[in-house]
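Here's the structure, in structure tokens; my notes come after.
For ligands, and for the atoms within them, numbers begin at 1 and follow the listed sequence.
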Amino acid sequence: MLKWAVLGSGSSGNAYYMSDGETSILLDQGFSLAELDRRLIRFGSSVDELDALFVTHLHPDHARGAGILARRCDIPIHLHTKAITHNAREFAALGIPSSQVADVEAGEVIRLGTMNIFCFSTSHDSPGSVGWYIDHPDQQVMLLTDLGKTTEEQKELAQKASVLFLEANYDEKMLEYGPYPRFLKKRIRSVEGHLSNDQAFSFVQESGFSGNELYFVHLSDINNDPRLLEEQAEGLVSTPFIVCEKNRWYGTIGAAQ
Ligand SMILES: [Zn+2]
Ligand SMILES: [Zn+2]
């Protein structure tokens, strides 16, 4: 049976764990090695059980721990080709041993144990940004964060997914009247920024997502409020959902903190 855990989501660090006992993967690694291991142990695993890492993009909250994990565990680190070629300096700074770098194109299927995994492009201000889709005999899992607008392709994938991790980064009013400088507000709202709560709800409705698990993730600390998001979603989202708060962990493995 496939199990999963949101080990962290948001600007302070992102990581998602998935395992069926035979194949175990991590999506994003925005933590120190000790912190990642602490979080994995809580869910009955450890860094030594990982078979591969899949990175959405090179912003530090998603990739800062990719190199330290690679140097400790001899596992492949999958990321989009452009994340390497168009971010040469940031990529080199991660220090991923070249023998472990596994670059892919969108749609290229990686067969790993019991899972077939591929990425799809996302609109975000980091070259080679992608979301990941995991096709497992039990569940189809989609990770969609860090994007300013959604696409038809993403809606078609979400329609087939049974588990969806979806960004709901900001409430439009909280961003508008909040403390961020104008240029940052503009960046967040842009097509290469982040998804607002309203955009996330529209995506759920328009995609026809009817899976059994919907997680709203990557909430802004400043421009969102988990209670508000929950209230807004009540009327607009018909599937059961979970709002993932900072510093709390969620999933089917172990108990949420
Ligand atoms: Zn992010
Ligand atoms: Zn980002």
Give me the number of protein N, O or S atoms whose distance to the Zn ion (ligand 1) is under 2.8 Å.
4
With no hydrogens and no angle check, just 3.5 Å: does a side-chain donor-acceptor pair link [X] and [Y]?
X      : Y     : value
Asp51  : Thr23 : no
His136 : Asp20 : yes
His218 : His62 : yes

Smallest heavy-atom separation, Glu49 atom then Ser24 atom, equals O-CB, 3.4 Å
Taking the six-membered ring for Trp, are Phe120 and Tyr133 ring centroids under 6.0 Å apart?
no
Atom NZ of residue position Lys149 - does it have more than 12 heavy atoms of other residues, nucleotides or ligands inside 6.0 Å?
no
